[in-house]
Every structure is written in structure tokens, then in C-alpha cells.
There are 2 protein chains.
Amino acid sequence: MVRPREFQEDKALEKAMLLFWEKGYEATSLSDLTTSMGIQKPSIYAAFGDKKELFEAALRKYIHEHATFFRRHLQSGSSVKEAIHTLFQEIVAQAYQDDRSRGCFCINTMVELAPHEPRFEVLTREHQLYLTVIFLETIERGKKAGELQPHINAKALANTLVVSLIGLTVMMKSRPDRTFVDQSVETVMQLLD
Amino acid sequence: MVRPREFQEDKALEKAMLLFWEKGYEATSLSDLTTSMGIQKPSIYAAFGDKKELFEAALRKYIHEHATFFRRHLQSGSSVKEAIHTLFQEIVAQAYQDDRSRGCFCINTMVELAPHEPRFEVLTREHQLYLTVIFLETIERGKKAGELQPHINAKALANTLVVSLIGLTVMMKSRPDRTFVDQSVETVMQLLD
DNA sequence: CAAGTTAATTACCGTTCGGTACATAACAGC
DNA sequence: GCTGTTATGTACCGAACGGTAATTAACTTG
């Protein structure tokens with residue numbers, strides 16, 4: 001270590017994440033990245049590798065924060081039904097308050113890259129599985145507490161909640177009337193009864 | 001009309017559709033298109049306009065066929081529950097038998113282009129709405145026939161079925177164990193009871 | 001068969017792409 | 001303050017991008 005970095009690696013990665021998240025992999029150029037990250041191309045390559053490695057680092061950062069977001073909402077002490085309901089409502093509210101809704105970076109990557117790049121197929125599948133497990137634990141907790149009926153198939157329900165969240169997130173990309181989305185959330189919540 | 005076209009416009013558009021469907025807009029180059037369509041760039045421009053217009057034509061073709069596929073399944077004379085169930089199962093089966101599952105071209109476009117291009121936001125939203133109406137009519141038919149319970153909120157249920165289909169289609173892009181998907185289908189079907 | 005019109009082919013346009021060689025600048029240790 | 005090492009900025013690389021001008025070929029009509 002003789003000359004220190006003049007930029008903060010994590011701040012730069014955060015900027016890259018936001019850009020890839022909003023525009024996707026192909027539509028984001030290195031020129032866009034240098035502008036947004038505030039550093040030149042050789043610095044990017046020295047710190048993160050090539051474009052695809054930078055993208056993967058950005059996605060991993062997103063996935064980590066996204067998982068934390070889910071844990072915070074679902075592993076709270078309150079009612080299980082309420083926690084799940086609130087999580088869904090918050091995701092919807094965020095999408096509609098943000099003018100240029102980026103949706104979910106992981107979902108965007110599943111659509112754009114997973115079918116052609118095994119590394120992203122695996123990465124996104126594992127995150128999806130992780131979210132399912134968090135839902136599963138939450139449902140089991142609700143069953144033990146007597147809040148959810150014991151005959152509920154926890155695994156199947158957890159899967160379905162993840163499927164519904166993916167569907168809602170993607171649907172909102174075309175900005176449908178909010179009524180549609182809110183109605184769907186309420187309908188999915190019936191599965192908890 | 002003095003010199004006739006040497007290629008069939010619809011065959012060429014079909015090729016373009018398959019390519020855009022599989023690779024998306026940005027990742028498909030004009031060079032890819034000329035190879036696959038079997039015609040040169042000037043012919044593409046003469047027949048379809050620029051890349052984005054060709055993409056839109058391809059998407060419109062897909063949407064038209066996709067809508068027909070849904071109508072055929074849902075407006076059949078048989079049981080409503082069975083028709084919906086079969087539709088879901090067929091979509092899942094197709095995704096898993098195809099090695100390189102392209103998913104749904106319309107959904108892919110919602111994710112890649114809708115947030116940045118109003119024309120595709122509108123186009124995909126309208127198709128989504130159209131599918132919802134087909135589901136709605138099917139559900140109403142089931143209610144009138146006494147197959148579905150009268151207290152069911154048909155609009156909300158139709159929305160939710162579309163949301164679930166989107167979620168399933170996107171989820172399958174990361175090739176999860178099929179058990180997850182099948183379980184979700186069965187769980188969603190509970191909403192019809 | 002000649003004239004007029006349109007399609008196809010070739011070759012090319014300027015621009016931007018992802019990526020890098022090279023020179024310069026900033027630090028640590030002696 | 002010198003030396004060695006690493007980071008930065010500049011300038012550039014070949015390749016590929018989307019798109020087009022210009023030529024050649026194929027047909028219909030008179």
C-alpha cells in the first residue's frame with residue numbers, strides 16, 4: 001500500500017448498483033458507470049474487474065440488503081399476518097411513490113441474464129430460495145403461536161407468497177391502476193386464513 | 001409493385017420475434033437479425049423500419065398469438081376450474097420441457113423496456129388488462145354456472161391469477177426445483193374454492 | 001423489348017462499445 | 001529526499017454497433 005485509493009469502494013459500488021438496477025446490464029455502458037461512480041475506467045477495472053464482475057458485485061450487494069429488508073419485516077415480534085401484509089403493502093407503496101420505479105434488481109436480472117448465464121441463474125435462484133425460507137419460518141412461527149391454522153401447508157404457502165411478490169413487482173413495471181395491485185394483495189392475504 | 005419481395009414478411013417477422021423473445025432488445029444486434037431473418041439490413045429497414053419499430057412489430061405479433069392462446073384455453077366449454085388449472089399446468093410444463101426457456105416475451109419487455117419507454121409501458125399494460133378481462137369473463141361464467149361460489153370477488157381474483165402467472169413465469173427463469181412451482185400452482189388454485 | 005419502378009447486395013458511414021498502454025502523480029519506507 | 005509501488009488521468013485500441021448511399025438485379029407495364 002503506497003498510494004491510497006482516492007474513492008470509497010463501497011460508495012462507488014452503491015452508485016453502480018443503482019445504475020445497473022435502473023437500466024439493466026446491457027443498457028448500462030462503462031461511460032455511464034464512470035460518470036455516475038465518479039471514477040475512470042482503469043480505476044473500475046483495478047477495483048472490481050470487468051463489467052460483468054462489477055455487475056455481479058453490485059447484484060450481490062443488492063441481494064444482501066434486500067434479504068436484510070425482508071428479515072427486518074418478517075422476523076419482527078408482531079403478528080405474523082400483519083407483518084406479511086405490511087411487507088406487501090410497503091413494497092407496493094414504494095413502487096408507486098417512486099416515479100421511475102426500478103422494481104427489484106434481482107428480478108430484473110432473472111429476466112435479463114439468468115436464462116443465458118449460469119452464474120446469475122444460480123445467484124438469483126438462491127436468493128429466491130432464501131426469501132422462501134424466511135417466509136417459511138415466519139409461517140411456522142404463526143402456526144405455533146396459533147395465529148395461523150395448523151392445516152396450512154407452510155412450504156407451499158411460502159413459495160406462493162414469493163411467486164406473488166414477483167408477480168406484483170413485475171406487474172407494477174407497466175404502471176397499472178393501483179386498484180389492481182391492491183386487490184391482488186388482499187386476495188393473496190386470503191391464503192393466510 | 002414492380003419487383004416482388006423475395007422473402008415472406010411474416011416468416012421474417014416470426015424469426016425476429018423468436019430472437020427478441022429469447023435475447024431481449026439490447027442484446028439482439030442487427031447482425032443477429034439479418035442472420036436469423038435471412039435478409040439484409042436495408043431489406044429490414046424497408047419492410048419494418050428501424051430496430052425499435054421491428055421490435056414493436058414482433059411484440060405485437062407475440063401479444064396477438066398469446067391472447068389467442070389464452071382465449072382458446074379459457075373460453076372452452078369445459079369446467080372453469082379445470083380450464084384455469086390446465087392453463088397454469090401447461091405453461092409450467094412448456095417452461096420445463098424447453099431447455100432454453102424464453103419465458104413470456106411480454107413480461108420480458110415489461111422488465112427491460114416498459115419503465116423507460118412509454119409506448120411499451122402502454123402496450124404491455126393493455127395486454128395484461130386484456131388477459132385480466134378474459135379471466136374475469138371466465139370466472140363470471142363459472143359463477144353463473146354455479147361452479148364457483150357467488151361471494152367470490154371476480155375482479156380481484158382475475159387480477160390475482162394474472163399476478164400469479166407473471167410470478168410463476170419469472171420465477172421459472174432461474175430454474176427452481178419444479179416442486180416449488182407445482183406447489184404454488186396448487187395453492188393459487190385454492191383461491192377458486 | 002424498352003422504360004420505369006422497386007428490391008436486394010455491397011460497401012461503407014460515424015459513433016460508441018468494452019477494455020488497455022502509457023505516462024504522471026501520490027504516497028510509504030529507508 | 002530518494003526509491004519503489006500503486007493509483008489516477010489521458011489517450012487510444014480494434015471491434016461492433018445502428019443505420020444508409022449507391023449500385024445492381026428483377027420484375028410490371030406500355
Side-chain angles (χ1 to χ4, degrees), chain A residues 1-60 105 108-109 112-113 116-120, chain B residues 1-60 105 108-109 112-113 116-120:
Chain A
M1 293 287 164
V2 280
R3 178 180 177 177
R5 286 258 160 78
E6 292 182 6
F7 65 95
Q8 298 178 35
E9 219 163 291
D10 195 67
K11 295 280 181 188
L13 185 56
E14 169 88 15
K15 291 286 191 180
M17 181 188 84
L18 291 171
L19 210 56
F20 280 130
W21 184 359
E22 182 178 344
K23 305 181 59 172
Y25 177 77
E26 291 289 348
T28 302
S29 70
L30 281 183
S31 167
D32 295 332
L33 288 165
T34 58
T35 302
S36 174
M37 296 170 80
I39 57 179
Q40 259 61 39
K41 281 187 276 183
S43 297
I44 293 179
Y45 277 82
F48 304 103
D50 68 12
K51 189 188 176 188
K52 201 144 276 177
E53 289 176 285
L54 173 58
F55 182 89
E56 183 171 342
L59 178 58
R60 285 186 184 277
F105 188 12
N108 298 352
T109 304
E112 186 184 5
L113 299 181
H116 312 96
E117 313 236 5
R119 63 206 276 201
F120 294 114
Chain B
M1 294 286 167
V2 281
R3 179 179 175 178
R5 285 255 159 80
E6 292 183 5
F7 65 94
Q8 298 178 38
E9 219 163 292
D10 195 67
K11 295 278 182 191
L13 186 55
E14 170 87 14
K15 291 286 191 180
M17 183 188 84
L18 291 172
L19 210 56
F20 279 131
W21 183 0
E22 182 178 345
K23 305 182 58 171
Y25 177 77
E26 292 289 348
T28 302
S29 70
L30 281 182
S31 167
D32 295 331
L33 288 165
T34 58
T35 302
S36 175
M37 295 170 79
I39 56 179
Q40 261 62 37
K41 283 188 274 183
S43 297
I44 294 179
Y45 278 82
F48 304 103
D50 67 13
K51 188 186 176 189
K52 200 144 277 177
E53 290 176 284
L54 173 59
F55 182 89
E56 182 171 341
L59 179 57
R60 286 187 184 277
F105 188 12
N108 298 353
T109 304
E112 185 184 7
L113 298 181
H116 312 97
E117 311 237 6
R119 63 206 276 200
F120 294 114

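In what follows, chains carry the letters A, B, and so on, assigned in the order in which the sequence lines appear, proteins first and then strands, with residues in each chain numbered from 1. Heavy atoms only: backbone and side chains are in, while hydrogens, waters and symmetry mates are out.
- Considering only side-chain atoms of Q40(B), the nucleotide from dG18(C), dC17(D), dT9(C) that sits closest is dT9(C).
- As rounded to whole Å, 13 Å separates atom P of dT20(D) from atom CD1 of I44(B).
- Between S43(B) and dA8(C) there is a side-chain polar atom (N or O) within less than 4.0 angstrom of OP1 or OP2.
- Across every non-hydrogen atom of A16(A) and A58(A), the tightest pair is C-CB, 4.4 Å.
- In terms of heavy atoms, K52(B) sits closest to F120(B) at CG-CE1, 4.1 Å.
- Heavy-atom minimum distance, E112(A) versus E26(A): OE2-N, 3.0 Å.
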Could I get a table of every N or O pair under 3.5 Å where one atom is in the protein and the other is in nucleotides 20-23 of chain C?
none

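- The CG-P distance, from L33(B) to dA16(D), rounds to 16 Å in whole Å.
- As rounded to whole Å, 14 Å separates atom P of dG19(D) from atom CG of D32(B).
- Between the P atom of dT6(D) and the CD atom of E9(A) lies a distance of 16 Å, rounded to the nearest Å.
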R60(A)/E56(A) under salt bridge (Lys or Arg N to Asp or Glu O under 4.0 Å): CA gap, chis, key distance, verdict: CA-CA 6 Å; R60(A) 285 186 184 277; E56(A) 183 171 342; 3.0 Å; yes
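- A donor atom on one side chain and an acceptor atom on the other are found under 3.5 Å apart for D32(A) and S29(A).
- The phosphate of dA16(D) (OP1 or OP2) has no side-chain N or O of S29(B) nearer than 4.0 angstrom.
- Nucleic acid contact for T28(B): sugar-phosphate only, since backbone atoms but no base atoms lie under 4.0 Å from a heavy atom of the residue.
- When side chains are defined from C-beta on, L54(B) counts as touching L13(B), because their heavy atoms get closer than 4.5 Å.
- To the nearest 0.5 angstrom, F105(A) atom CZ is 9.5 Å from L18(A) atom CG.
- Counting to the nearest Å, the C1' atom of dC17(D) and the NZ atom of K52(B) are 14 Å from each other.
- Taking atom OH of residue Y25(A) and atom P of nucleotide dC17(C), one finds them 13 Å apart after rounding to whole Å.
- Summarising the geometry, the separation between CG on L30(B) and C1' on dC12(C) is reported as 15 Å, rounded to the nearest angstrom.
- Nearest to the side chain of S31(A), among dG19(C), dC17(C), dT8(D), sits dC17(C).
- Between the CD atom of E26(A) and the P atom of dG18(D) there is a distance of 11 Å, given to the nearest Å.
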